[in-house]
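Inspection log for the structure reproduced underneath, given as structure tokens.
Quick caveat, the model's predicted, so the values are computed rather than measured.
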Amino acid sequence: MKIIFLGKPLSGKGTQASLLSKKIRTPHISTGELLRKEVQKKSKLGRCIATLIAAGKLIPDKDMFALLEKCLPKKQFILDGFPRDIRQAKNLAKLTNIDLVIDVVCSDKTILKRAQARISCENCGHIYGLNFKPKEKERCDNCNGRLIHRTDDSSATVRKRLEIYKRKTKLLTAFYKKQKIYFSVQGEKTVPSVQIKILNKIES
Ligand code: AP5
Ligand code: MG
């Protein structure tokens, strides 16, 4: 299947996409992770991306597409964080078809709370949070990588990201509803209960 995860920042897209990827054995492509890997390379492009991410702004389409096209599988994928606006969705449609769009819905209040608690592994990207603490304080359970707070999780930057979501990404709801491939799930329930709803939808 070719699946897209939509949702506000910190709604739980990455958490659910990663679980689903293991469950249905489908590659998970997170555009945020792709960009953060580029930042780690400390290339010229990486430095520009770092500044934009820390400011909560979107990366220009030309750069985003160049990175995505290199790693988007042909047959099946779970795409998390892409598209971010109608233009990206239209360009993606030129590349491939999409079977299902899963929108993880969450309130701003919950999102701002989650931002304070999230830490993730700078090596494998594994996500921890309020209810998901690592066994060791600063080390990833999976790969022993260093756990970090993302540069874009300050409350000022999260508010900026929410503003961009509302102005641009939210329009994708109507875009995909029209195509009859849209499914929304309440992201404030527990992680396992959100996962069950998603799996039930996929099985149906
Ligand atoms: P990206 O990394 O994609 O960030 P995002 O979309 O803002 O989403 P997040 O990764 O912050 O949150 P998430 O929904 O994955 O939540 P998570 O599962 O971690 O993009 C970062 C930046 O890169 C963008 O701002 C932009 O600059 C750039 N970018 C990316 N894609 C781009 C594109 N296509 N075009 C241009 N620029 C692009 O969960 C959050 C926390 O909540 C965790 O701590 C988790 O443990 C916890 N949690 C999750 N689910 C639950 C639950 N059900 N109950 C309780 N806690 C939960
Ligand atoms: Mg994510």
Side-chain angles (χ1 to χ4, degrees), residues 1 3-40 49-50 53-54 56 71 77-82 84 100-162 164-166 169 183-203:
M1 271 185 110
I3 299 171
I4 285 175
F5 270 88
L6 284 184
K8 290 178 184 173
L10 296 121
S11 57
K13 304 181 294 296
T15 301
Q16 292 299 332
S18 167
L19 289 169
L20 184 62
S21 161
K22 288 181 193 119
K23 190 84 186 170
I24 65 171
R25 295 200 185 128
T26 298
H28 169 201
I29 315 293
S30 153
T31 48
E33 281 302 307
L34 283 182
L35 294 165
R36 285 184 285 276
K37 290 279 170 214
E38 196 58 38
V39 170
Q40 280 178 358
I49 290 172
I53 288 183
C71 66
F77 54 76
I78 299 169
L79 194 47
D80 150 21
F82 193 98
R84 290 307 241 248
L100 179 64
V101 175
I102 302 168
D103 191 1
V104 186
V105 179
C106 225
S107 72
D108 290 5
K109 195 175 157 205
T110 299
I111 279 162
L112 288 161
K113 215 160 89 187
R114 286 182 184 176
Q116 292 174 6
R118 175 168 60 183
I119 41 176
S120 47
C121 175
E122 69 175 352
N123 180 43
C124 72
H126 191 77
I127 304 158
Y128 299 87
L130 264 185
N131 309 329
F132 313 97
K133 300 233 163 76
K135 291 191 192 110
E136 255 189 80
K137 207 175 161 206
E138 284 167 12
R139 290 284 155 192
C140 177
D141 294 353
N142 290 347
C143 72
N144 204 38
R146 197 163 67 104
L147 299 179
I148 50 157
H149 281 282
R150 278 175 39 179
T151 55
D152 54 347
D153 274 353
S154 69
S155 58
T157 306
V158 172
R159 284 180 207 280
K160 172 77 189 160
R161 289 158 66 197
L162 279 169
I164 292 179
Y165 170 85
K166 284 168 195 165
T169 316
F183 171 71
S184 74
V185 63
Q186 179 48 256
E188 308 220 12
K189 306 271 187 243
T190 64
V191 168
S193 68
V194 178
Q195 191 193 8
I196 287 170
K197 292 251 161 55
I198 292 172
L199 286 173
N200 287 345
K201 174 65 189 173
I202 287 173
E203 276 159 21

Next item on the list: Starting at SG of C71, measure out to CZ of F77 and round the result to the nearest 0.5 Å.
Entry: 10.5 Å
Notebook entry, point to check: Yes or no on side chain to side chain contact (heavy atoms under 4.5 Å, CB included) for V158 and L112, after CA distance, side-chain angles and deciding distance?
Noted result: CA-CA 7 Å; V158 172; L112 288 161; 3.9 Å; yes
Notebook entry, point to check: Roughly how far apart are H126 NE2 and L147 CG, rounded to 0.5 Å?
Noted result: 9.0 Å
Check: Say you draw a straight line from CG of L79 to CD1 of I102; how long is it, rounded to the nearest 0.5 Å?
Finding: 11.5 Å
Check: Regarding S21 and S18, is there a side-chain donor-to-acceptor distance under 3.5 Å anywhere?
Finding: no
Checklist line | Nearest-0.5 Å distance, CG of residue L130 to CD of residue Q116 | finding: 8.5 Å
Note to self: V191: which residues meet the side chain to side chain contact (heavy atoms under 4.5 Å, CB included) condition with it, sequence neighbours left out?
What the structure shows: T15, Q16, L19, F132
Checklist line | Pairwise side-chain contact, L10 with T110, heavy-atom cut-off 4.5 Å (strictly under) | finding: no
Item checked: Euclidean distance, S120 OG relative to I127 CD1, rounded to 0.5 Å -> 7.0 Å
Check: If every non-hydrogen atom of G187 is compared with every non-hydrogen atom of V104, which pair is closest and at what distance?
Finding: CA-CG1, 3.7 Å
Checklist line | Main-chain N/O of S107 paired to E188 side chain as donor or acceptor, under 3.5 Å | finding: yes
Notebook entry, point to check: What closest approach, in Å, do N123 and C143 show between heavy atoms, and which atom pair accounts for it?
Noted result: ND2-SG, 3.2 Å
Next item on the list: Measure the CE-CG distance between M1 and L20 for me, rounded to the nearest 0.5 Å.
Entry: 9.0 Å
Item checked: Under 3.5 Å: donor-acceptor pair, side chain of Y128, backbone of A117 -> no
Next item on the list: Assess whether side chain to side chain contact (heavy atoms under 4.5 Å, CB included) is satisfied between L100 and I4, documenting all intermediate values.
Entry: CA-CA 6 Å; L100 179 64; I4 285 175; over 6 Å; no
Checklist line | Side-chain donor/acceptor of E136 to backbone N/O of E138, under 3.5 Å | finding: no
Notebook entry, point to check: Counting distance only, does the side-chain N/O of R84 pair as donor-acceptor with the main-chain N or O of T169 below 3.5 Å?
Noted result: no
Next item on the list: For K189 and V194, work out which heavy atoms get closest and say how close.
Entry: O-CG2, 3.7 Å
Show me, pair by pair, the donor-acceptor contacts under 3.5 angstrom made by side chains of residues 24-31, not counting sequence neighbours?
unit_1: T26; atom_1: OG1; unit_2: I24; atom_2: O; d: 3.1
unit_1: H28; atom_1: NE2; unit_2: D80; atom_2: OD2; d: 2.9
unit_1: S30; atom_1: OG; unit_2: G32; atom_2: N; d: 3.4
unit_1: S30; atom_1: OG; unit_2: E33; atom_2: N; d: 3.0
unit_1: T31; atom_1: OG1; unit_2: G81; atom_2: O; d: 2.9

Checklist line | Of all pairs that satisfy salt bridge (charged side-chain N to carboxylate O under 4.0 Å, His left out), the ones with a partner from residues 107-123, not counting sequence neighbours | finding: K8-D108, D108-K166, R118-D153, E122-R146
Note to self: Would the distance check show the side chain of S11 and the main-chain N or O of V105 forming a donor-acceptor pair, the cut-off being under 3.5 Å?
What the structure shows: no
Item checked: Non-hydrogen atoms of Y165 and P9 that approach each other most closely -> CB-CD, 4.2 Å
Check: Taking it one step at a time, do I198 and F5 satisfy side chain to side chain contact (heavy atoms under 4.5 Å, CB included)?
Finding: CA-CA 11 Å; I198 292 172; F5 270 88; 3.8 Å; yes
Notebook entry, point to check: Hey, is NZ on K37 packed in by over 12 heavy atoms from elsewhere, all under 6.0 Å?
Noted result: yes
